[in-house]
Amino acid sequence: TVSGNVLISAYAQVGHAQDARTFFNEMLDRNASTWNNMINAYVQSGELEHARALFDVMPQRDQGTWSLMIHAYTRRKLLEQAEQLFLQLEEPDVMSKTCMIVGYGLAGRISDAYNMFTGMVERDTVSYNAMVQAFAENNHTDSARQIFDSIPRPNLSSFNAMIAAYAQQGNVQQAKEIFDQTKSRNVVTWTAMMNAYGQAGQVEEAKRIFDTMPEPNTVSWTTMITAYAQNGMSKEALQLFRCMDLAGVEATRVTYVSVLYACSDLTELQLGRLVHRDVKNLHRRLYFENVVGNSLMQMYGRCGKLVEARTVFDEMVDRSTPSWNTMISAYSKAGHGTEALRLFELMAVDGGSRPDCITFMSILFACSHAGLVEVTRSQFRSMSMDYQLEPW
RNA sequence: CUGGCCAAGCUAA
């Protein structure tokens, strides 16, 4: 049984739920870990429905089963589902509660997160860290700091989370202060500190960290590229991307987002097209990532290539609200107000994404520049009437 | 042999 569990767990790691299931079906005696591993295999390969189906028929669920399933829901931002499971637990353990803190934090329900936290009779460092993170990602940096200061036995993740919290506020001084208190550091610590400098516009300092840190990984490289791009040094960003490629470090979707941002910043159409080709041919998985498509559209739009932008848009497999916004505003900025409006109507018909206030800003911009005053007026009404968005 | 926390990223102005 144990070796069978190891095998299923191995399949789970690589996301081969199908193979895991075949093996699972052939196993004679299964214990709770067997089931948990199998559910986890479905979770890892993104098949939540299958995971849930198995969860529902599992004979002897243990605490791990529940928190595994709750965690899967919170990560996919399906908080209702997570909550529903959580409430069925008579005696939720520390891990399930921590999952809920994370879930509430991600959903911006910070007081629910805090209530969960304060209601815990037993907490470990991970629960404290989750609470720090929940406050931090909702910009309650001071509250995050208070929790941080109250952690009995902080670990490196506690420090890393706090450094990142200050980094996103652009507060280098505080970030550095925490950084200097760390006894040991890992790649996350260094990268977070590097980002703190980048966010504060201290690109040279960021680069100094990047050059001296022990083992920069793809996130570290991307952070440095982003630091350049966001501080008006897009040429350097693109140069560093070349180095990253030469160093054999795998790009991620975030890398491409930053690189394409640098391309649009410089209206480097040639390079942008090259990147487009590379990601399409060499990173097929990333090519279908929503954010990568958005960045490609943005790049083409910025370079005035609306047809190519539109082609990317049409090829996208799932379009988020930012996808629609990017394309609509590309039309708007190019003075194609009518096209922008047409796309907006298509958005409503498509129904896959809801317009948000950015959509309306783009539409209003398009209308006003096209001199479509009447249309502007009616869109403005629709904004509050149909979508409950307040004009401001 | 299974479950929870930490670093980078896209759209309007």
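Chain letters run A, B, ... following the sequence lines, proteins first, then strands; residues in each count from 1.
Rounded to whole Å, the distance from CD1 on A:I163 to P on B:rA7 is 11 Å. In this structure, A:M327 atom CE and B:rC10 atom P are separated by 20 Å, rounded to whole Å. Rounding to whole angstrom units, OH of residue A:Y300 and C1' of B:rC10 are separated by 16 Å. Look at CD on A:Q44: it is 13 Å from P on B:rU2, rounded to the nearest Å. In this structure, A:D62 atom CG and B:rU2 atom P are separated by 12 Å, rounded to whole Å. Between A:I70 atom CD1 and B:rU2 atom P the separation is 19 Å, expressed in whole Å. Here B:rC6 presents its P atom at 17 Å from CD1 of A:I178, a figure rounded to the nearest Å. Here the C1' atom of nucleotide B:rC6 and the CG atom of A:N160 are 5 Å apart, to the nearest Å.
Heavy-atom neighbours of A:Q181 CD from other residues, nucleotides or ligands within 6.0 Å: above the threshold of 12.
Contact annotation for A:S127: base contact, defined as any heavy-atom pair under 4.0 Å involving a base atom. Nucleic acid contact class of A:L68 (heavy atoms, under 4.0 Å, all strands): sugar-phosphate only. At a threshold of 4.0 angstrom between heavy atoms, the contacts of A:E289 with the nucleic acid are absent. As judged by a 4.0 angstrom heavy-atom cut-off over every strand, A:R319 is placed among residues making no nucleic acid contact. When heavy atoms are screened at a 4.0 angstrom cut-off, A:V132 is found touching no nucleic acid atom at all. The residue A:N186 sits apart from the nucleic acid: no heavy atom pair falls under 4.0 Å. Among the heavy atoms of the strands lying under 4.0 Å from A:T326 are primed sugar atoms or P, OP1, OP2 only; no base atom is included.
Distance from the side chain of A:S362 is smallest to B:rA12 among B:rA12, B:rC5, B:rC1. Considering only side-chain atoms of A:V2, the nucleotide from B:rC1, B:rG4, B:rA12 that sits closest is B:rC1. Distances from the side chain of A:T222 to the nucleotides B:rA13, B:rC5, B:rA8 place B:rA8 closest. Here the nucleotide nearest the side chain of A:A161, chosen from B:rC6, B:rC10, B:rC1, is B:rC6. In the set B:rG4, B:rA8, B:rA12, B:rA12 carries the atom at the smallest distance from any side-chain atom of A:M361. Listed candidates were B:rA13, B:rC6, B:rA8. Nearest to the side chain of A:F365 is B:rA13. Among the nucleotides B:rC1, B:rC10, B:rA12, the one closest to the side chain of A:N294 is B:rC10. Counting only heavy atoms from C-beta on, A:M95 has its side chain closest to B:rG3 among B:rC1, B:rC10, B:rG3. Among the nucleotides B:rG9, B:rU2, B:rU11, the one closest to any side-chain atom of A:S33 is B:rU2. The nucleotide whose nearest atom lies closest to any side-chain atom of A:S96 is, among B:rC10, B:rG3, B:rA7, B:rG3.
Side chain A:N37 to base B:rU2: no donor-acceptor pair is found below 3.5 Å. Counting distance only, with no hydrogens placed and no angle test, the side-chain atoms of A:D124 and the base atoms of B:rG4 include a donor-acceptor pair under 3.5 Å. On a pure distance criterion of 3.5 Å, no polar donor-acceptor pair joins the side chain of A:D93 and the base of B:rG4.
Considering only side-chain N and O atoms, A:Q13 lies nowhere under 4.0 angstrom from the phosphate OP1 or OP2 of B:rC1. For B:rC5, neither phosphate oxygen OP1 nor OP2 lies less than 4.0 angstrom from any side-chain nitrogen or oxygen of A:R153. At the phosphate of B:rG9, OP1 or OP2 sits under 4.0 Å from a side-chain N or O atom of A:Q199. Under 4.0 angstrom from either OP1 or OP2 of B:rG4 there lies no side-chain N or O belonging to A:K97.
Linking Ile, Leu, Val, Met, Phe, Trp and Tyr whenever their side-chain heavy atoms come within less than 4.5 Å puts A:L78 and A:I70 in one cluster. Cluster annotation: A:F210 and A:L238 are assigned to the same hydrophobic cluster (Ile/Leu/Val/Met/Phe/Trp/Tyr, side-chain heavy-atom contacts under 4.5 Å, transitive).
Screening A:Y73, A:W66, A:W35 for a ring-ring contact (aromatic ring centres under 6.0 Å, His included) involving A:F55 leaves a single residue, A:W66.
Put simply, the side chain of A:S45 gets close to the backbone of A:Y42: a donor and an acceptor are under 3.5 Å apart. Side chain of A:Q168 to backbone of A:A136: a donor-acceptor contact under 3.5 angstrom is found.
A side-chain donor-acceptor contact under 3.5 Å links A:D356 and A:T359.
The shortest side-chain heavy-atom distance between A:M27 and A:M38 does not fall under the 4.5 Å cut-off.
The aromatic ring centroids of A:F344 and A:F360 lie less than 6.0 Å from each other. The six-membered or imidazole ring of A:Y104 lies away from that of A:Y114, with a centre-to-centre distance of 6.0 Å or more. Aromatic ring centroids of A:F159 and A:F179 lie 6.0 Å or more apart.
Of all the residues in residues 252-261 of chain A, A:T252, A:R253, A:V254, A:V257 reach under 4.0 Å from RNA chain B with at least one non-hydrogen atom. Scanning residues 207-220 of chain A for heavy-atom distances under 4.0 Å to RNA chain B yields A:N217, A:V219.
Salt bridge status for A:E345 with A:R342: absent, with no side-chain N to carboxylate O gap under 4.0 Å. Salt-bridge annotation for A:R21 and A:E47: absent, with no side-chain N of the basic residue lying under 4.0 Å from a carboxylate O of the acidic one.
Secondary structure note: stems in RNA chain B built from 3 or more consecutive Watson-Crick or G-U wobble pairs under 3.5 Å do not occur.
Rounding to the nearest 0.5 angstrom, the gap separating the CD atom in A:E83 from the CE atom in A:M100 is 5.0 Å.
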For the pair A:R273 and A:E308, evaluate salt bridge (Lys or Arg N to Asp or Glu O under 4.0 Å) and give the outcome as yes or no after the intermediate values. CA-CA 10 Å; A:R273 282 189 175 132; A:E308 289 175 83; 2.7 Å; yes

